[in-house]
Amino acid sequence: MTSFPAKTHPNQFFSFQILLLFFIILSLVFPFDSTAFSSSATGKEVGEEGREAAALFAWKASLDNRSQSVLSSWVVGTNHCDWIGVGCKMAGRVITHMDLKSSGLRGTLSNLNFSSLPHLLSLDLENNSLYGTIPSSIGCLSRLTNLSLSTNFISGSIPPTMGQLSNLKTLKLNQNQIGGTIPHEIRFLISLLELTLYSNNLMGTIPASIGNLVNLTTLNLFENHLSGSIPEEVGMLRSLINLSLASNNLSGSIPASIGNLKFLERLRLHGNQLTGSIPTELNNLTLLTSFHVSSNMLTGHLPDNLCASGSLENLTVQYNNFIGLPKSIKNCSSLHRLRLEGNQFSGNISEDFGIYPKLYHIDLSGNNFYGELSPRWGKCNNLKSLKMSNNSISGRIPPALVEATQLSRIDLSSNQLVGEIPKKFGSLVSLFDLKLNDNQLSGNIPLELGRLANLKTLNLAANKLSGSIPRELGHCMRLLNLSLSNNRLGENIPLELSQLHGLESLDLGNNLLSGKIPKQFGELQRLETLNLSHNELSGFIPSSFDNMLALSSVDISYNQLEGPLPNIKAFREAPSNSLRGNKGLCGNATSLKACQHHGVRRKKQKKLVLLTVFLVFGFLLLFLMALGIFLTFHKKVKSTTKEPTQVNNENVFAIWRYDGKMVYENVIEATENFSAKYCIGEGGYGTVYRATLPNGQVVAVKKLHASSDGESVNRKGFTSEISTLTEIRHHNIVKFYGYCSHPRHSFLIYEFLQGGSLDKVLASKEEAVELNWNKRVDIIQGLADALSYMHHDCTPPIIHRDISSKNVLFDLEYVTHISDFGTARFMKTDSSNWTSVAGTFGYVAPELAYTMEVNEKCDVYSFGVLTLEVIMGKHPGDLISLLSSSSSSSSSSSSSLSSSSGHGILLKEVLDQRLLPPTNQVAAQVAVAAKLAFACLNASPMSRPTMHQIARKLSNRRPSLQNEFHLITLGELLDTNCFAS
């Protein structure tokens with residue numbers, strides 16, 4: 001094999017001599033452990049050990065201070081085989097292994113003298129903060145079998161001397177910033193079993209010499225900038241099990257030689273520019289579990305034998321030009337995920353598909369399927385997402401579909417479906433997305449849809465639905481988007497829709513609705529888009545609309561409306577075609593006349609006000625009389641009744657309105673007197689237990705901590721949480737059921753959320769992977785919405801003061817719920833707000849270190865930390881320190897900021913590496929969230945945005961980016977004004 005002599009600079013040699021001399025002198029003053037230099041050791045061995053220790057000690061000295069503290073056991077004069085991360089061959093005391101993965105090291109490899117470590121077999125520095133280049137001297141490690149430098153910030157190119165590592169079996173350089181080309185010298189790594197270079201900046205072509213690596217089982221080159229065609233020589237890798245070349249710029253056709261890889265289980269070629277048809281030779285790949293070729297320009301038929309062996313789990317071929325399905329697809333019972341959308345597949349949907357007991361996601365949208373939906377889809381017991389939009393499917397929706405009880409998303413839009421919407425859909429308790437628009441459905445909207453408590457999107461537009469809008473839809477409290485337009489719905493708009501406080505889009509246009517617009521619609525503070533056009537609505541637009549500040553788009557054309565427009569931007573700047581066709585609208589809009597004085601209306605309003613005052617006064621008088629009677633009776637009962645349970649009846653379960661004594665005893669029984677086996681967590685002021693009440697309802701019970709100093713501190717937190725939660729009603733805040741104040745046990749009761757807390761989900765690799773980028777964007781949006789509600793929609797505003805990952809809980813659909821209001825405070829808007837420091841370390845705003853004044857900007861800072869934690873998958877403490885230190889050492893100009901050490905880091909490098917980086921629109925949303933997070937971390941509280949601004953910015957689900965996502969640096973995010981128009 002060709003040798004690659006390492007070059008040694010004279011200055012490096014001289015420095016090494018000085019270090020060695022320093023090491024020898026120190027060893028005389030502080031002798032080594034006798035086991036390190038036993039009398040049996042030869043002089044040669046002692047010299048090798050000294051060189052190895054000196055090399056490691058010199059490298060330690062080149063790292064930053066924190067890294068040196070991690071390596072505190074690396075002390076001259078001690079046995080280097082006992083140093084952290086160092087492994088030795090016991091007989092010779094020579095270093096054979098270095099394992100320092102996930103140690104928080106920061107520095108370069110340039111000061112690590114590889115030539116002094118000739119016996120090294122394994123070097124694992126994965127998941128640190130190493131930067132700089134890979135030294136060419138790494139070729140000296142001729143015995144190395146395992147090299148992992150993945151998940152760092154290493155740049156430069158792969159040195160050709162890497163080809164000297166002929167014993168290497170594992171080479172992991174993934175998730176760095178390595179550029180250049182894959183060196184041809186890689187052909188010399190004939191022992192290599194695993195080569196992972198993904199998520200870098202590699203360019204050029206895949207070298208044909210890669211075919212020499214005949215022992216390779218894993219080849220991962222995805223997410224780079226590789227171009228050219230896939231070399232035929234890939235087919236020489238007969239041992240290959242996993243081949244991933246996805247998300248590059250590869251072109252040409254798929255080589256037929258890939259059909260030689262008979263052991264291949266995972267083939268991922270998606271996100272390239274591949275053309276042509278799938279070679280028939282791929283029918284030989286009978287062990288495939290994953291076949292992923294989506295987002296290319298492929299044509300023709302899929303291989304017939306893709307699922308012949310019954311092992312295929314993921315078939316994702318969306319967004320190509322395929323026309324033919326594999327014959328084995330109907331009986332492919334092993335399928336977990338099937339994505340065929342955006343092709344030209346055709347066939348009878350009731351005959352070409354079977355029953356898939358393991359399937360959880362299927363998307364057949366945007367094809368040419370016809371026929372009727374089969375009831376067999378209901379037998380796919382694990383099915384969560386069913387998408388078949390934009391086809392030519394006809395017939396009725398089978399009620400048996402609801403037998404797939406885990407369905408959370410149904411999209412059958414843009415087909416030719418007829419008949420009624422099945423009432424049984426109301427039993428799909430997990431459903432959060434239902435789209436049946438653009439069909440020919442008839443009949444009434446089922447009242448049962450009001451049971452879908454988790455529903456976020458309901459689109460029934462462009463059908464032939466009749467009757468009235470069910471008032472039961474007002475129970476779908478999590479609804480964000482409601483579209484019932486282009487139907488034949490009549491009667492009045494139900495008042496109950498005003499209960500949907502989270503609603504962002506409401507479209508009731510092109511129906512037969514009559515009556516007045518409910519004044520309660522003014523309570524829809526988050527509504528952004530409103531369409532009531534082409535109906536028969538009459539009367540004035542309610543003055544309560546003046547409070548709908550989030551409204552940005554409105555269309556009330558072609559009704560019988562009259563009177564002045566609301567004085568908000570959405571109406572003032574509405575285009576003329578959004579207002580035309582009414583009876584007599586007036587106001588400050590370009591297409592309307594100015595309003596005249598309406599004396600009659602003012603008289604009516606005055607009478608209405610007087611009547612309201614009279615009724616309120618009368619009701620108040622009756623209430624006071626009833627209260628006096630009740631208190632008199634209560635006092636008599638209390639004086640003549642024993643109190644065995646000592647329950648404070650004044651405050652017992654005030655929210656539930658249940659019998660206090662009964663529920664108190666039920667909770668004690670359900671938790672076996674608060675046994676540890678029912679404990680599910682620890683809060684700031686109490687321990688949380690899971691309790692199943694006699695009616696079957698599962699609740700979370702938070703028992704107040706006992707206190708040795710008279711309970712005064714804990715009681716304050718208890719009453720604070722009660723007073724706060726009784727004022728809050730928001731779908732992203734934990735639902736409060738009631739409380740019990742008792743001398744023995746005081747506790748709160750609120751909804752039980754089965755999804756666990758954010759900190760525990762992120763700590764689990766399996767759950768963190770389940771938390772994909774779409775879900776993470778939703779989590780951040782939910783947090784922002786909840787805090788915006790607390791800060792801007794509650795009177796007085798509520799400051800949480802302990803926003804952290806342990807206080808964010810999930811339901812089974814990962815919907816965000818803020819919990820633990822023991823430290824919350826109502827903010828007095830007319831005075832200073834001084835309090836003791838509260839909160840979780842790492843989330844508390846820095847100004848609280850020197851002031852005790854609390855305002856909403858403290859929560860904003862915590863939100864910024866938490867947003868980065870969601871994006872990074874871990875607490876961003878190191879990143880915050882890095883950015884703040886680099887900012888303080890940089891000039892004020894943006895150019896210097898961007899070039900500083902901290903700000904030059906690419907955004908994609910700090911993302912949670914357990915997920916593939918986001919793409920397309922989701923990538924833009926993640927970038928916006930990161931920008932907002934950095935704005936929240938501004939050292940000056942007054943410079944931080946408000947939560948209302950943040951929530952509005954995040955709600956734009958189609959943000960634009962001027963930079964490519966993978967090239968965005970943290971410096972650019974810091975320098976960007978998130979709120980520029």
Donor-acceptor side-chain pairing of [X] and [Y] below 3.5 angstrom:
| X | Y | answer |
| --- | --- | --- |
| S102 | N127 | yes |
| S346 | N368 | no |
| S209 | N212 | no |
| T218 | E194 | no |
| H292 | S294 | yes |
| T196 | N174 | yes |
| N314 | T316 | no |

Sidechain-backbone polar pair: [X] side chain, [Y] backbone, donor-acceptor under 3.5 Å:
| X | Y | result |
| --- | --- | --- |
| N296 | N272 | yes |
| Q273 | L250 | no |
| N242 | N220 | no |
| N215 | I190 | yes |
| N390 | G366 | no |
| N167 | S142 | yes |
| N391 | F369 | yes |
| N200 | L202 | no |
| T145 | L121 | yes |
| N367 | Q344 | yes |

Interatomic spacing from CG in L219 to CG in L245 - rounded to 0.5 Å: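 These two atoms lie 6.0 Å from each other.
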task: Please indicate whether M872 has more than 12 foreign heavy atoms, meaning atoms of other residues, nucleotides or ligands, lying under 6.0 Å from its CE.
output: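 Enclosed: over 12 neighbouring heavy atoms sit under 6.0 Å from CE of M872.
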K775 atom NZ, over 12 foreign heavy atoms within 6.0 Å: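 Enclosed: over 12 neighbouring heavy atoms sit under 6.0 Å from NZ of K775.
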task: Verify side-chain hydrogen bond (donor to acceptor under 3.5 Å, both in side chains) between E223 and S199, making sure each step is shown before the conclusion.
output: CA-CA 5 Å; E223 289 178 4; S199 296; 2.6 Å; yes
Side chain to side chain contact (heavy atoms under 4.5 Å, CB included) between N128 and E126, intermediate numbers included: CA-CA 6 Å; N128 284 288; E126 177 182 340; 5.9 Å; no
message: A side-chain contact here means heavy atoms from C-beta on lying under 4.5 Å apart; do I178 and I154 qualify?
response: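 With C-beta onward as the side chain, the pair touches.
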message: For E341, is there an ion pair with R339 - N to carboxylate O distance below 4.0 angstrom?
response: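 E341 and R339: salt-bridged.
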query: Can R776 and D912 be counted as an ion pair, charged N to O under 4.0 angstrom?
result: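 D912 and R776: salt-bridged.
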- prompt: Can you pull the disulfide bond (SG atoms under 2.5 Å apart) pairs that have at least one residue in residues 159-273, sequence neighbours excluded?
  reply: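 Non-adjacent pairs meeting disulfide bond (SG atoms under 2.5 Å apart): zero.
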